[in-house]
Amino acid sequence: MSGLGWMYGADLPLVSVTFARDLTPRQLLERMGADPATLAERTQGDFDEDFGDMLYEDDAYVVTAGRYGSWAWVWEHGSWLCVEDDYLLGELSAGTAALSLHVNEKPLVDFRYAENGQLVTGLHTLLGICGRSRNSPSWRSRNSPVS
């Protein structure tokens with residue numbers, strides 16, 4: 001399957017994926033801080049051979065990236081940059097829209113959506129629902145410089 005077909009029907013106990021509209025995967029990776037010299041296209045087999053042993057290591061920053069319609073996506077296999085860096089989603093959404101989704105086995109879900117550098121809404125299973133307006137108080141606007 002192409003696009004996000006790898007997610008359909010898959011057992012994914014840990015997911016940390018970020019999307020940005022109207023960016024290429026390379027642009028999204030660079031906005032996330034990836035060194036352009038380290039980016040390379042690989043077949044699935046080559047990717048598995050090169051990184052299979054370290055995909056979910058906490059100290060290994062391995063990502064896959066692609067495009068689905070007008071959205072570029074990045075899946076962080078063993079890191080949670082989209083969750084840990086409160087500034088990142090705002091930076092990714094500059095001039096466009098971006099969203100991040102992090103799900104783990106606890107179960108914890110952290111979803112955020114931003115446009116033009118401003119958080120629009122979010123949901124965190126431990127902290128609650130973020131307001132749907134840029135002006136409404138929310139757990140993210142109280143705790144994050146993205147708001």
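- Not a single donor-acceptor pair under 3.5 Å links the side chain of R42 to the backbone N or O of D50.
- Summarising the geometry, atom CZ belonging to F111 is positioned 7.5 Å from atom OG belonging to S100; distances are rounded to the nearest 0.5 Å.
- Side chain of R31 to main chain of L92: a donor-acceptor pair is present (N/O by atom type, distance under 3.5 Å, no hydrogens or angles).
- Inter-residue side-chain proximity for L108 and L126 is flagged as met; some heavy-atom pair is nearer than 4.5 Å.
- With hydrogens and angles ignored, the 3.5 Å screen pairs no side-chain donor or acceptor of Q118 with any backbone N or O of E115.
- Between the side chain of S93 and the main chain of G117, a donor-acceptor pair closer than 3.5 Å is present.
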Query - Pair L29-L39, side chain to side chain contact (heavy atoms under 4.5 Å, CB included): steps then yes or no - result: CA-CA 9 Å; L29 286 165; L39 303 179; 3.7 Å; yes

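- Using cut-offs of 30° and 60° for the angle between ring planes, the Y113 and W71 rings count as tilted.
- Closest of all the heavy-atom pairs between T38 and D35 is OG1-O, 2.7 Å.
- Distance CZ/R67 to CZ/R26: 14.0 Å, rounded to 0.5 Å.
- With contacts defined as side-chain heavy-atom distances shorter than 4.5 Å, the pair L119/T121 does not qualify.
- A distance of 7.5 Å separates CG in L89 from CG in L99, rounded to the nearest 0.5 Å.
- Side-chain contact between F19 and V74 is absent, with no heavy-atom pair separated by less than 4.5 Å.
- Contact of the E76 side chain with the V17 side chain is not registered, since no non-hydrogen atoms from C-beta on lie closer than 4.5 Å.
- With T125 contributing its side chain and V109 its backbone, the two residues share a donor-acceptor pair below 3.5 Å.
- In this structure, CD in E30 is found 7.5 Å from OG1 in T24, a value given to the nearest 0.5 Å.
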Query raised in the report: Between T64 and W73, does a side chain to side chain contact (heavy atoms under 4.5 Å, CB included) hold up when you go through it step by step?
Result: CA-CA 8 Å; T64 52; W73 56 265; 3.7 Å; yes

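- Distance alone, capped at 3.5 Å, is enough to place a donor-acceptor pair between the T96 side chain and the R21 backbone.
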